[in-house]
J.: 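Provided herewith is a single structure, encoded as structure tokens, for subsequent inquiry.
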Amino acid sequence: MSRETRYIQSKERWAEKKKAGGARKLDIPSEHRLPPGQRLTDGFPVLDLGRRPEVSTEVWELVVNGEVEIPRTFKWEQFMELPQAEDVSDMHCVTTWSKYDCRWGGVPFVDLYEAVRPTASARHVFFTAYDDYTVNVPLDKLLDDDVLIATHFDGKPLTLDHGAPARIIVPKLYAWKGAKFVRQITFMKEDKLGFWEIRGYSNTADPWTEDRFA
Ligand SMILES: Nc1nc2c(c(=O)[nH]1)N[C@H]1C(S)=C(S)[C@@H](COP(=O)(O)O)O[C@H]1N2
Ligand SMILES: [Mo]
């Protein structure tokens with residue numbers, strides 16, 4: 001599938017979800033829902049590098065640059081003017097916990113994509129966070145209709161523990177692929193490994209094939 005087709009399909013699916021009233025509980029039978037080697041948790045574990053940067057929305061900026069026609073630096077108010085959506089998805093951490101029915105709210109990645117217009121040569125995306133965490137994701141994976149730059153969880157602004165003011169959610173990949181406290185999104189021609197990828201974690205990170213380590 002071409003990138004353009006992927007992007008258009010994703011936009012259409014987001015529109016359908018919005019029409020259907022936004023977030024719904026996923027109704028997948030549980031035996032098909034938990035990836036191999038995972039355990040279901042009721043709580044909401046916090047995983048980070050031991051640093052929780054307190055960045056208020058007054059000073060927060062999101063830089064979007066690299067292989068794009070329109071590089072942008074969003075202040076909070078400008079970012080909130082982008083289209084907003086809610087979506088419910090499951091979260092799978094490589095340390096083996098999974099959490100069902102996470103209700104995230106924020107800006108669909110496809111809408112950010114549309115705002116900055118990545119060039120035809122953009123293939124990879126590199127995320128940098130306010131705690132200096134970094135992570136890389138292929139652009140294709142980010143065009144799905146469940147990828148968000150989330151600012152809300154369960155209808156409330158993100159707490160610091162969970163990545164305030166904004167974090168990336170890529171439900172189909174292990175959760176380390178989604179940067180909390182996101183500060184910069186760089187579109188690139190070539191791939192570049194992030195914090196955990198350098199330390200031996202898988203670059204593809206597919207929970208369904210237990211693709212944990214490289
Ligand atoms: N900036 C930043 N983002 C991050 C991490 C981190 O340490 N720093 N940890 C990752 C990992 S390993 C997981 S499982 C999820 C955890 O999100 P949570 O703390 O909201 O459960 O965030 C991911 N994003
Ligand atoms: Mo994780």
Side-chain angles (χ1 to χ4, degrees), residues 23 34-57 59-64 74 76 79 86-107 109 112 124-138 141-142 144 146-186 192-214:
L34 195 63
Q38 295 292 109
R39 284 174 294 108
L40 191 57
T41 176
D42 282 333
F44 197 168
V46 174
L47 269 276
D48 58 36
L49 304 174
R51 300 190 285 273
R52 305 204 182 128
E54 271 186 67
V55 184
S56 73
T57 52
V59 300
W60 181 87
E61 280 186 349
L62 178 64
V63 176
V64 188
F74 293 93
W76 185 255
F79 187 69
E86 264 200 351
D87 199 40
V88 176
S89 57
D90 295 344
M91 187 169 179
H92 309 295
C93 173
V94 70
T95 63
T96 74
W97 59 265
S98 289
K99 180 174 172 59
Y100 287 168
D101 295 316
C102 301
R103 181 159 67 98
W104 301 107
V107 175
F109 192 86
L112 180 79
H124 299 273
V125 181
F126 193 79
F127 297 90
T128 310
Y130 279 98
D131 60 350
D132 293 329
Y133 185 81
T134 56
V135 64
N136 57 310
V137 183
K141 302 282 176 203
L142 296 170
D144 278 354
D146 53 5
V147 179
L148 282 166
I149 302 134
T151 54
H152 288 71
F153 181 81
D154 260 344
K156 294 189 280 290
L158 289 183
T159 59
L160 186 59
D161 283 357
H162 294 297
R167 71 179 296 171
I168 310 297
I169 295 297
V170 192
K172 293 190 190 74
L173 303 180
Y174 281 122
W176 90 77
K177 286 291 186 183
K180 308 201 288 190
F181 324 109
V182 65
R183 172 164 68 85
Q184 184 167 309
I185 302 179
T186 306
K192 176 176 154 189
L193 300 182
F195 183 90
W196 286 118
E197 290 77 12
I198 290 170
R199 289 162 177 81
Y201 278 49
S202 147
N203 198 19
T204 36
D206 172 18
W208 297 97
T209 55
E210 282 214 71
D211 184 13
R212 298 174 197 269
F213 306 105

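Counting convention: from 1, in listed order, for ligands and their atoms alike.
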J.: Kindly confirm or rule out a cation-pi arrangement of R199 over Y201, judged by NZ or CZ under 6.0 Å from the six-membered ring centre and within 45° of its axis?
T.: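 Because its charged atom misses either the 6.0 Å distance or the 45° angle limit, R199 does not stack over Y201.
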J.: For atom 6 (C) of ligand 1, what is the closest protein heavy atom, and at what distance to 0.1 Å?
T.: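 Here the closest protein heavy atom is Y133 CD1, 3.5 Å.
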J.: Quick one: pull up OG in S202 and NZ in K177 and give me the separation to the nearest 0.5 Å.
T.: 6.5 Å
J.: Starting from atom 14 (S) of ligand 1, find the nearest protein heavy-atom neighbour and note its residue, name and distance.
T.: C93 SG, 3.4 Å
J.: Of all heavy-atom pairs between C93 and Y174, which one has the smallest distance, and what is that distance?
T.: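 Nearest heavy atoms, C93 then Y174: C-CD2, 4.0 Å.
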J.: List the steps, then state whether salt bridge (Lys or Arg N to Asp or Glu O under 4.0 Å) holds for R52 with D161.
T.: CA-CA 7 Å; R52 305 204 182 128; D161 283 357; 3.1 Å; yes
J.: Relative to ligand 1, is W97 under 4.0 angstrom through side chain, backbone, both or neither, heavy atoms considered?
T.: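 The part of W97 near ligand 1 is the side chain, not the backbone.
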J.: Before signing off on this row, confirm whether D131 and ligand 1 have an N or O atom pair separated by under 3.5 Å.
T.: yes
J.: To the nearest 0.5 Å, what is the distance between CZ (F181) and CG (D48)?
T.: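 It is 5.5 Å, given to the nearest 0.5 Å.
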J.: Looking only at distances, can you tell me whether any N or O atom of M91, backbone or side chain, sits closer than 3.5 Å to an N or O atom of ligand 1?
T.: no
J.: What atoms of ligand 1 come within less than 4.0 Å of a heavy atom belonging to F181?
T.: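 Listed by number with element: 1 (N).
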J.: Can you tell which part of F44 has a heavy atom less than 4.0 Å from ligand 1: side chain, backbone, both or neither?
T.: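 It is the side chain that touches ligand 1; the backbone stays farther off.
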J.: Decide, yes or no, whether a salt bridge links R183 with E61 under the criterion of side-chain N to carboxylate O below 4.0 Å.
T.: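 So R183 does not pair with E61 through a salt bridge.
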J.: With heavy atoms of P45 as the reference, note each atom of ligand 1 found under 4.0 Å away.
T.: 18 (P), 19 (O), 21 (O)
J.: So, regarding V46 and ligand 1 (criterion: nitrogen or oxygen to nitrogen or oxygen, under 3.5 Å), is there a contact or not?
T.: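 Between V46 and ligand 1 (N or O atoms, distance only) the closest approach is not under 3.5 Å.
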J.: Could you tell me the residue and atom name of the protein heavy atom closest to atom 7 (O) of ligand 1, and the distance to it rounded to 0.1 Å?
T.: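 For atom 7 (O) of ligand 1, the nearest protein heavy atom comes out as D48 CA, 3.0 Å.
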J.: Got the closest protein heavy atom to atom 22 (O) of ligand 1, with its distance?
T.: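 Going atom by atom, the protein heavy atom closest to atom 22 (O) of ligand 1 ends up being R167 NH2, 3.6 Å.
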J.: Provide the number and element of each atom of ligand 1 under 4.0 Å from a heavy atom of A179.
T.: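 Under 4.0 Å from A179, ligand 1 has these atoms: 3 (N).
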J.: Evaluate the salt bridge (Lys or Arg N to Asp or Glu O under 4.0 Å) criterion for residues K99 and D90: first the C-alpha distance (whole Å), next the side-chain angles of each, then the deciding distance (0.1 Å), finally the verdict.
T.: CA-CA 6 Å; K99 180 174 172 59; D90 295 344; over 6 Å; no
J.: Consider every N or O of W176 and every N or O of ligand 1, then say whether any pair is closer than 3.5 Å.
T.: no
J.: Indicate the atoms forming the closest heavy-atom contact of P207 with P36, along with that distance.
T.: O-CD, 3.8 Å
J.: Rounded at 0.5 Å granularity, tell me how far OG1 in T128 sits from CG in N136.
T.: 10.5 Å
J.: Who's closest to atom 24 (N) of ligand 1 heavy-atom-wise, of A129, A150, C102, G178?
T.: G178
J.: Evaluate K180 for polar contact with ligand 1, using N/O atom pairs at a separation under 3.5 Å.
T.: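 Indeed, backbone or side chain, K180 has an N or O that close.
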J.: For ligand 1, which atoms sit closer than 4.0 Å to a heavy atom of L49?
T.: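 Heavy-atom distances to L49 below 4.0 Å select 7 (O).
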J.: Going by the angle between their ring planes, with limits at 30° and 60°, are F44 and F153 parallel, tilted or perpendicular?
T.: tilted
J.: Checking the N or O distance criterion of under 3.5 Å, is ligand 1 in contact with L47?
T.: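 Yes: some nitrogen or oxygen of L47 is under 3.5 Å from one in ligand 1.
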J.: Go through ligand 1 atom by atom and flag the ones less than 4.0 Å from a non-hydrogen atom of H162.
T.: 18 (P), 19 (O), 20 (O), 21 (O)
J.: Taking all atoms of both residues into account, what is the closest heavy-atom pair of W176 and R212, and its distance?
T.: CH2-O, 3.8 Å
